[in-house]
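Note that the coordinates shown come from a computational prediction; the quantities given were computed from them, not determined experimentally. Any value given below was found using the heavy atoms of this structure, including those in side chains, with hydrogens, waters and symmetry copies removed. Just so it is clear: chains get the letters A, B, ... in the order the sequence lines come, proteins before strands, and each one is counted from 1.
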Amino acid sequence: MSVPRVRIAPSPTGPLHIGTARTALFNYLYARRTGGTFVLRLEDTDVARSTVGFEADILELLHWLGIAWDEGPDSAGGEDRGPYAPYRQMQRLERYAVAAKELLAKDLVYPCYCTPEELDADRKAQEAAHLPPRYVGRCANLTPEERAAKVADGRRGALRFRVPAEKVRFHDEVRGDVEIDTANIGGDFVVVRGDGTPLYHFTVVVDDAEMAMTHIIRGEDHLSNTPKHILLFHALGHALPKFAHLPLILNPDRTKMSKRKSQTAIADYRAQGYLPEAMVNFLALLGWSTGTEEEILSLDELAGRFDLEHVQKGGAVFDKVRLEWLNGQWIRKLSTDDLIARLQPFLEADRDAGRIDHVPTAEELRPLVPIIQERLPTLGSVGELIGFLWQDRVTVDAAMLVPKRWDAATTLEALRAARDSIAETTGAVTFEADELEPPMRALAESRGWKAGDLFMAIRVAVTGRTATPPLFDSLVALGRERVLERLDAAITTLERSEVSA
RNA sequence: GCCCCCAUCGUCUAGAGGCCUAGGACGCCACCCUUUCAAGGUGGAGAUCAGGGGUUCGAAUCCCCUUGGGGGUACCA
């Protein structure tokens, strides 16, 4: 067989969805593994719901994930690239019209003048009679006179495909042989709306045929629709591509992943600080495995291993906890400069949201990388981790300042002693972690305190939180002046609560 | 309702008749490391392979049934 051609065909009716991204990824990986061509086509025939904003979101986030396509539009409203242009269905309308005309001429398709009300009544009647819903065929055998009468009556016909009575059999690359009786697909289905715009099942086949797709790799939700597509391929006189239906990505309750129950927009994951490397790695392993025990894999490594044989048949629950773990793995692999660069937008967002008062420079950030890199589950958690460094002041209440095993009086005494020690024994110039720690340990020992308790009191006083990166590194990052200021403020807070108590 | 698909630890999965008294990873628990939090290390609990019948010397792996779950059933995609 010739070079494989595969595609992703998103509808710009919503932001890039986890499921779409996963399907795009599998197609991309398949193309790269086989030396094939990966095409992106925009299915924008649902004019009422399609927007350029969604188109922009989809294209941009696929780029962000590193999923590159060989043919199709590169950007929203941008020009198409590739020999089968255009790749937006609304710009391919004549082609569908030509195909429809051809089918009409062969009587493979016929005009249907049924009104929505009639159709609705049919459906209700069938439901009441416990019959499966299907088009009753009212317009299937209209005479030319009857048609003319309908038209004269002002009715605009939709085009319906004549579904032949047969069993459609096909081989699915992941599921094996599938057989569906056309008696069960709902009767003659509409292919072109009354207003002349084509419908999904029609456009997808016309385009897949014209664009010479060799493999249709898509979600399992299309498995039941495949007979319609096969019938259409035959009607159009085109050879069948191979089909591969991927297992669905599921909500925790095992229903098809949805916006209602899960976070489905890729943009939201990016905004929270998930790395594209982690998203891709995670998505690839939802419904596919290498067959080995490898699991931390880059896009290139995935492309070198991907195959349809190891695609799972059953649906896969989207486990966000596992994603977070993988994200941590990828964050730890980043170079210092790379991490700093990727953190920047998140720090700016923290500043814009008022969570920090100013954004550190790359040089301020650099010495912190060793102590934060292994503590970041996501890039977005940086503010939560070390935001106290760029807040003008931290607020702590007296209760929080007192370590578990201590009382307020001890804490006050300890903070005063620590403050004095830092003020007296360390200079601004040599304010280093190595120099800060010994006097504090000595202090704890001389008073019979556990070093950990002393450290905790200082930690809370200076950062406003009980969980932070190592204390002395935090003090160094804060600088002598601010450490003393914050210790003073904490001491004052404690003194006041002593008085009122 | 009807049609189709699916079914291994809570989750993602390895497994294509004997290598499985079912392996790995996430999560969980314990311990180690340790100033907190992480990260890391070690160990542990966790699946009678949905259930029942076959086939076979032998089945998680093949067949059938049952049950459960999911998807599809639009002039949406």
Worksheet item: Using a cut-off of 4.0 Å on non-hydrogen atoms, how would the nucleic acid contact of A:His222 be classed: base, sugar-phosphate, or nothing?
Response: base
Fill in: With sequence neighbours excluded, residues passing ring pair (Phe, Tyr, Trp, His ring centres under 6.0 Å) with A:Tyr96
none
Worksheet entry | B:C49: pairing nucleotide in any strand, Watson-Crick or G-U under 3.5 angstrom | none
Worksheet item: Mind checking what makes ring pair (Phe, Tyr, Trp, His ring centres under 6.0 Å) contact with A:Phe202, not counting sequence neighbours?
Response: none
Practice prompt. Taking only Lys NZ, Arg NE, NH1 and NH2, and the carboxylate oxygens of Asp or Glu, determine whether A:Arg169 and A:Glu179 approach each other closer than 4.0 Å.
Written response: yes
Discussion item. The criterion is side chain to side chain contact (heavy atoms under 4.5 Å, CB included); which residues satisfy it with A:Glu301, sequence neighbours excluded?
Written reply: A:Leu297, A:Ser298, A:Arg305
Worksheet, complete the sentence: Applied to residues 47-56 of chain A, the side-chain hydrogen bond (donor to acceptor under 3.5 Å, both in side chains) test, sequence neighbours excluded, yields A:Asp46-A:Arg49, A:Glu55-A:Arg88
Worksheet entry | side-chain contact (heavy atoms from CB on, under 4.5 Å), paired with A:Ile216, selected from A:Leu240, A:Thr226, A:Val205, A:Asp208 | A:Asp208
Worksheet, complete the sentence: Under a 4.0 Å heavy-atom criterion, RNA chain B is touched by chain A from B:G1 to B:A77
Worksheet entry | Pairing partner of B:A25 (Watson-Crick or G-U wobble, both distances under 3.5 Å) | B:U11
Item to complete: Both distances under 3.5 Å, Watson-Crick or G-U wobble: report the partner of B:C19, or none.
Response: none
Discussion item. Work out how far the P atom of B:C31 is from that of B:G72, and round it to whole angstrom.
Written reply: 48 Å
Worksheet entry | Any side-chain donor near an acceptor of the partner, A:Thr264 and A:Ser262, under 3.5 Å | no
Worksheet item: Is it true that A:Glu413 and A:Arg447 have a side-chain N and a carboxylate O under 4.0 angstrom from each other?
Response: yes
Item to complete: Strictly below 4.0 Å, heavy-atom distances to any atom of RNA chain B: list the hits from residues 454-467 of chain A, or just say none.
Response: A:Phe455, A:Met456, A:Arg459, A:Thr466, A:Ala467
Worksheet item: Just checking A:Pro469: base, sugar-phosphate only, or nothing, at a heavy-atom cut-off of under 4.0 Å?
Response: base
Item to complete: For A:Pro10, report the nucleic acid contact type (base, sugar-phosphate, nothing); a contact means any heavy atom under 4.0 Å.
Response: nothing
Worksheet item: Between A:His130 and A:Phe472, which has a closest nucleotide on RNA chain B that is more 5'?
Response: A:His130
Worksheet item: Is A:Leu376 touching bases, backbone alone, or none of the nucleic acid, heavy atoms closer than 4.0 Å?
Response: nothing
Fill in: Pairwise P distance, B:G10 and B:G46 [rounded to whole Å]
11 Å
Worksheet item: If you measure from the P atom in B:U61 to the same atom in B:G1, how many Å do you get, rounded?
Response: 29 Å
Worksheet item: Heavy atoms under 4.0 Å, any strand shown: does A:Gly194 hit a base, just sugar-phosphate, or nothing?
Response: base
Worksheet item: How would you label the contact of A:Ala158 with the nucleic acid (heavy atoms, under 4.0 Å): base, sugar-phosphate, or nothing?
Response: base
Practice prompt. Sort out the partner of B:G40 for me: Watson-Crick or G-U wobble, both distances under 3.5 Å, none otherwise.
Written response: B:C32
Practice prompt. Mind checking A:Glu179 for me? I need base, sugar-phosphate or nothing, with any heavy atom below 4.0 Å counting as a touch.
Written response: sugar-phosphate
Worksheet entry | Presence of salt bridge, A:Glu210 and A:Arg7, under 4.0 angstrom | no
Fill in: Listed once per pair and sorted, the side-chain hydrogen bond (donor to acceptor under 3.5 Å, both in side chains) pairs that draw on residues 11-26 of chain A, sequence neighbours left out
none
Item to complete: Have a look at A:Asp221 and say if it touches a base, only the backbone sugar-phosphate, or nothing, with a 4.0 Å heavy-atom cut-off.
Response: sugar-phosphate
Worksheet entry | C1' spacing across the pair B:A16 / B:A22, given as an integer number of angstrom | 15 Å
Practice prompt. For A:Met440 and A:Ala418, work out which heavy atoms get closest and say how close.
Written response: CE-O, 3.8 Å
Practice prompt. Could you work out the separation of B:G68 and B:A25 based on their C1' atoms and round it to a whole Å?
Written response: 27 Å
Response to the item:
The answer to which of A:Leu323 and A:Pro133 contacts RNA chain B further toward the 5' end, by nearest nucleotide, is A:Pro133
Fill in: Residues that A:Phe282 engages under ring pair (Phe, Tyr, Trp, His ring centres under 6.0 Å), provided they are two or more places apart
A:Phe318
Worksheet item: By salt bridge (charged side-chain N to carboxylate O under 4.0 Å, His left out), which residues pair with A:Lys101, not counting sequence neighbours?
Response: none
Discussion item. For RNA chain B, which residues of residues 44-52 of chain A approach it to below 4.0 angstrom with any heavy atom?
Written reply: A:Thr45, A:Asp46, A:Arg49
Response to the item:
One should read off an interatomic distance between A:Leu343 CG and A:Gln373 CD, to the nearest 0.5 angstrom, of 9.5 Å
Worksheet item: Can a cation-pi geometry be assigned to A:Lys228 and A:Phe189, taking NZ or CZ under 6.0 Å from the six-membered ring centre and within 45° of the ring axis?
Response: yes
Fill in: Same-atom distance (P) from B:A7 to B:C63, integer angstrom
12 Å
Worksheet item: Considering only the C1' atoms, how many Å lie between B:U55 and B:G43, rounded to the nearest integer?
Response: 43 Å
Response to the item:
So ring-ring contact (aromatic ring centres under 6.0 Å, His included) across residues 111-140 of chain A, not counting sequence neighbours, yields none
Discussion item. I'd like the P distance from B:A50 over to B:C3, given in whole Å.
Written reply: 25 Å
Worksheet, complete the sentence: Any strand, both distances under 3.5 Å, Watson-Crick or G-U wobble: B:C3 pairs with B:G71
Item to complete: For A:Gln329, report the nucleic acid contact type (base, sugar-phosphate, nothing); a contact means any heavy atom under 4.0 Å.
Response: sugar-phosphate
Worksheet item: What are the residues of residues 286-299 of chain A, sorted by number, that bring a heavy atom to within less than 4.0 Å of RNA chain B?
Response: A:Leu286, A:Gly287, A:Ser289, A:Gly291, A:Glu293, A:Glu295
